[in-house]
Engineer: 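Got a structure here, written out as structure tokens. Questions coming.
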Amino acid sequence: MLTKDIWTTKDYSRVPFALYHDQDVYTQEQERIFRGPVWLYVGLEAEIPKPGDFRTTWLGDTPVLFNRDMQGKVHAFVNRCVHRGANVRRESHGNATDHTCFYHRWCYDLEGKLIGVPFQRGVPGKGGGMSPDFKTKDHALRKIRVEMLNGIIFGTFAEEVEPLRDYLGATMLWHLERLTAKPIRIMGYQRQRIHGNWKLYAENVRDQYHGSLLHQFHRKFGISRVTHTGGASLDPRHRHNISWGKEGSDSTEQFSATYQQGKVEVKDFGLSDGQVLEYLPEFEDGISLAICSVFPNVTFQQIRNSLAARQIRTRGINDFELHWTLFGYDDDTAEMQNFRELQTNMVGPGGFISMEDGEAVEVAHRATRPDADCSAIVEMGGGGAIPEEVEHKISDIPVRGFWSYYAELMDIEPEGAIR
Amino acid sequence: MSTWEAINGLLTESVYRLDNNKLEDWAELFAEDGVYRVVPRENIEQGLTGVLIVCNNRNMIRDRVTALREACEFNIHWDRHVTGSPRIKPLGGNEYAVESSYSLYQTDPEGESRLYSVGCYRDKIVLDGEAAQFKERIVVVDTFAIPNLLATPI
Ligand SMILES: [Fe+2]
């Protein structure tokens with residue numbers, strides 16, 4: 001049973017392992033978080049550019065269908081026929097003027113309205129059919145309310161939730177608008193099936209401390225180092241954050257001395273080709289690395305020229321899919337397309353600076369299982385009240401931010417919570 | 001040695017070197033301008049260009065091996081490839097288009113083996129006398145929901 005007493009500290013600096021392994025916790029998360037007063041990342045408008053385009057996805061454990069209607073408007077629904085509960089769409093994507101369930105051929109328009117029931121009035125001369133008071137207009141696919149932000153589709157199951165822009169807050173808005181200032185071109189997808197609890201990954205992307213420690217490629221080749229100018233910004237509720245850094249803002253001497261002092265090895269090796277390390281600065285603000293996590297299910301990534309949305313799709317306590325949508329812009333030159341492709345080598349399941357995250361989550365998940373009453377330590381950067389701005393990269397403060405909002409939605413805030 | 005023997009020899013040698021952790025030697029099976037790409041099948045089906053791994057020459061392939069040895073942390077395992085017989089199509093000159101399927105099992109330090117990936121190799125193989133090299137190896141991954149991570153090459 002999940003209660004306020006689960007926490008051993010009031011500032012979320014200790015995270016009980018039970019939160020990763022308890023089935024009741026997971027069931028409540030689906031209701032209170034994924035169906036709760038949040039905006040979930042659904043997809044990108046560029047994935048369904050034409051009228052009739054549709055795609056299927058998952059929001060938490062719920063199968064979802066989203067499409068563009070003939071007027072160009074985007075809709076999202078629970079991908080489940082109101083009749084007997086089968087998926088209305090089984091394919092990952094397509095283009096259609098309506099959606100017909102394969103089971104009994106019930107048919108829906110692109111706004112989700114039920115428009116056809118075979119043999120509704122029975123068969124002439126034989127009878128049958130639905131009751132006379134059954135009206136198709138009374139039935140529709142369960143709607144998920146959507147709002148767009150520059151081509152990013154967010155959706156919510158909640159009746160009441162603040163408007164999307166308020167939910168995101170000024171800092172996340174600034175970053176997402178920066179990332180979507182130009183029309184988006186979809187490059188493709190990567191999927192990673194990670195055998196661990198989804199929250200271990202939500203923590204991983206909010207933990208800047210591990211960036212150049214777990215990922216040796218980062219520290220070796222200067223993509224992210226604790227000696228860089230950088231830090232983290234959180235929204236006023238501390239549920240989202242952006243971790244950022246500026247390459248080249250440190251000196252080689254400063255870098256070597258700092259890691260030597262920290263007793264962190266920087267191996268001596270080089271690359272024969274090295275093209276993977278080249279990139280074209282494309283944002284005027286000089287930020288070369290920005291990891292923006294929006295509670296609860298998405299992280300938008302800019303690592304040099306590699307841009308992606310990483311969506312968390314839960315699959316039970318012990319499993320989730322990390323679904324990567326790689327993108328660039330419509331006006332990318334051939335040179336930029338080449339850079340984006342080469343830098344794909346650094347991200348995703350096979351990425352030099354991200355394969356480690358999957359392993360870290362799986363290992364921590366397995367090792368924490370037997371001791372539900374033990375806790376993880378989250379206090380790099382200090383405990384106590386959570387700041388909105390962190391001016392260094394040696395912190396996991398946004399992890400505490402995640403848990404503070406999580407606890408609020410789950411109604412398990414400790415007595416006298418510090419947040 | 002017949003063409004068939006030369007091509008089959010290269011295919012056999014490539015999985016032998018991978019399964020025995022001779023990754024540096026595996027890289028040398030590629031021509032200098034040899035390409036190695038690992039691509040999720042769903043992207044190919046949708047006409048999308050996105051990849052998992054892309055190396056446009058042998059040095060980039062060597063770099064991937066170097067990164068795995070020196071920089072990356074990944075699941076401790078042994079690989080075991082099981083490959084199907086190749087379909088060979090002459091492309092003219094000394095080049096051949098060769099397609100074969102693979103299953104790749106991984107075994108963890110506790111001795112538990114799991115099917116990690118299935119898919120196919122779409123190769124361009126070039127013969128120079130008795131020596132065969134990969135000019136291009138496109139790995140089409142059917143198991144595009146990659147279990148955990150993709151470190152050692154398929
Ligand atoms: Fe990481």
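Chain letters run A, B, ... following the sequence lines, proteins first and then strands; every chain starts at 1.
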Engineer: What part of Lys220(A) is in contact with chain B, defined as an atom under 4.5 angstrom from a non-hydrogen atom: side chain, backbone, both or neither?
Structural biologist: neither
Engineer: Let me know if Arg64(B) has heavy atoms under 4.5 Å from chain A in its side chain, its backbone, both or neither.
Structural biologist: both
Engineer: Contact between Val276(A) and Asp63(B) at the side-chain level, heavy atoms closer than 4.5 Å - yes or no?
Structural biologist: no
Engineer: For the pair Glu42(B) and Arg191(A), find out whether any cationic side-chain nitrogen is under 4.0 Å from an anionic carboxylate oxygen.
Structural biologist: yes
Engineer: Flag the one option from Gly351(A), Pro349(A), Gly274(A), Gly188(A) with the top tally of heavy-atom pairs under 4.5 Å to chain B.
Structural biologist: Pro349(A)
Engineer: Are Leu52(B) and Thr344(A) packed together at the side-chain level, in the sense that at least one heavy-atom pair is separated by less than 4.5 angstrom?
Structural biologist: no
Engineer: Tell me, for Leu326(A) versus chain B, whether the close heavy atoms (under 4.5 Å) come from the side chain, the backbone, both or neither.
Structural biologist: side chain
Engineer: Is Phe352(A) in contact with chain B via its backbone, its side chain, both, or neither, using a 4.5 Å heavy-atom distance?
Structural biologist: both
Engineer: Checking Glu341(A) against chain B: side chain, backbone, both or neither under 4.5 Å from a heavy atom?
Structural biologist: both
Engineer: Select one option (side chain, backbone, both, neither) describing which atoms of Gln192(A) are under 4.5 Å from chain B's heavy atoms.
Structural biologist: both
Engineer: Is the backbone N or O of Leu149(B) less than 3.5 Å from a side-chain atom of Arg193(A), with the two atoms forming a donor-acceptor pair by type?
Structural biologist: no
Engineer: Examine distances only and state if a side-chain atom of Gln216(A) and a backbone atom of Cys72(B) form a donor-acceptor pair shorter than 3.5 Å.
Structural biologist: no
Engineer: Using heavy-atom distances under 4.5 Å, tell me whether His218(A) contacts chain B through its side chain, its backbone, both, or neither.
Structural biologist: neither
Engineer: Could you look at Ser354(A) and say if it's the side chain, the backbone, both or neither that has a heavy atom under 4.5 Å from chain B?
Structural biologist: neither
Engineer: If we only count heavy atoms from C-beta on, is the Glu359(A) to Phe74(B) side-chain gap below 4.5 Å?
Structural biologist: no
Engineer: Below 4.5 Å, heavy-atom pairs only: which of Gly270(A), Gly350(A), Gly196(A) has the largest tally toward chain B?
Structural biologist: Gly350(A)
